[in-house]
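To start, the structure itself, in structure tokens.
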Amino acid sequence: MKRIVIFASGSGSNAENLIKFFRNKDNVSVIQVLTNNPHAKVIERCKRLGVSCLCFNKADFHETQYVLNLLKSYNPDLIVLAGFLWKFPEFILKVFPNKVINIHPALLPKYGGKGMYGKHVHQAVLDNKESETGITIHYVNENYDEGAIIFQAKCKVETTDTIEDITAKIHELEMTNFPKVIEKLLFKEI
Ligand code: GAR
């Protein structure tokens, strides 16, 4: 059984989608969700779905071995950042080489970096009158949004699109592609 641990900071629609997708598979399981935000909606989602969700703080993550030791105890095949907004510490990455991936709501290397998350990304895409945008799934390294790219999917941006339109298109791309890409990655098909 392949084991996935998810990190999420907010709504958790990707976390829920992954939990539901792998629930129907007998060879992969989302065993744990971790959040840095005690008010995150992902906590409610996990409760409803019957998946354990633990909350940690900055010191647990950056200054002590608390989160590192938790992760070691889970023995994960993949650590998935799904809307996780803190920088991932280098000392944890070193323990899990090529096992930490992130999803970003733009076509990296465009619109990445600190502060580029959620609607901020879509607003920048609109401001720059891009004709397309999309999603990027990539390995995590010590810099925001800079690790090797695993997968990208694109969508068109119409001149009439609002931020809500872009949000909906990106959401659709994430829901459709993220679980399948993770599955392929776990079984070394990409
Ligand atoms: C997703 O669109 C994800 O790509 C984005 O946050 C959203 C989380 O939604 N991640 C980033 O912007 C990372 N820089 P969710 O909490 O509903 O899954």
Side-chain angles (χ1 to χ4, degrees), residues 4-23 30 32-49 51-56 61 78-89 92-93 100-128 130 132-157 161-183 185:
I4 296 175
V5 174
I6 296 176
F7 281 73
S9 298
S11 170
S13 67
N14 277 284
E16 174 158 358
N17 188 45
L18 295 176
I19 290 166
K20 285 182 172 160
F21 180 87
F22 289 114
R23 209 177 237 182
V30 174
Q32 182 70 48
V33 176
L34 294 171
T35 184
N36 60 311
N37 177 1
H39 308 294
K41 197 173 156 195
V42 71
I43 298 171
E44 273 312 304
R45 293 190 197 257
C46 286
K47 242 182 227 157
R48 176 161 45 77
L49 295 162
V51 173
S52 168
C53 181
L54 268 182
C55 190
F56 61 87
F61 198 37
L78 203 61
I79 296 168
V80 175
L81 312 191
F84 182 64
L85 300 184
W86 283 358
K87 200 162 177 182
F88 214 80
I92 302 185
L93 286 175
V100 186
I101 67 166
N102 179 45
I103 187 160
H104 187 78
L107 296 170
L108 291 174
K110 283 184 166 183
Y111 306 109
K114 198 168 166 37
M116 275 294 168
Y117 60 89
K119 295 225 155 117
H120 299 284
V121 177
H122 309 325
Q123 189 61 55
V125 165
L126 278 182
D127 290 347
N128 285 325
E130 296 284 356
E132 60 178 21
T133 186
I135 61 166
T136 303
I137 297 166
H138 65 96
Y139 287 106
V140 174
N141 69 10
E142 60 284 3
N143 299 318
Y144 273 115
D145 304 323
E146 281 186 16
I149 291 173
I150 301 163
F151 173 89
Q152 291 187 308
K154 293 178 181 174
C155 60
K156 282 205 163 19
V157 179
D161 274 353
T162 62
I163 199 155
E164 286 73 27
D165 296 325
I166 311 268
T167 305
K169 287 179 189 179
I170 293 296
H171 181 75
E172 179 59 35
L173 284 181
E174 293 190 336
M175 293 299 113
T176 309
N177 291 288
F178 204 17
K180 291 184 198 157
V181 170
I182 288 173
E183 191 175 37
L185 204 57

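Atoms within a ligand are numbered from 1 in the order they appear, just like the ligands themselves.
Ring geometry for Phe61 versus Phe56: interplanar angle of 30 to 60°, hence tilted.
Within 4.0 Å of ligand 1, protein heavy atoms come from Ser11, Gly12, Ser13, Asn14, Gly83, Ile103, His104, Pro105, Met116, Tyr117, Gly118, Glu174.
Leu107 meets the side-chain contact (heavy atoms from CB on, under 4.5 Å) test with Glu132, Gln152, Lys154; sequence neighbours excluded. By the salt bridge (Lys or Arg N to Asp or Glu O under 4.0 Å) test, Lys119 pairs with no residue at all, sequence neighbours left out.
With salt bridges taken as basic N to acidic carboxylate O contacts below 4.0 Å, none links Glu183 and Lys180.
Applying the salt bridge (charged side-chain N to carboxylate O under 4.0 Å, His left out) test to every pair with at least one member in residues 8-21, sequence neighbours left out, gives these pairs: Glu16-Lys20, Glu16-Arg45, Glu16-Arg48.
A distance-only check finds a donor-acceptor pair linking the side chain of Thr136 to the backbone of Ala106 [under 3.5 Å].
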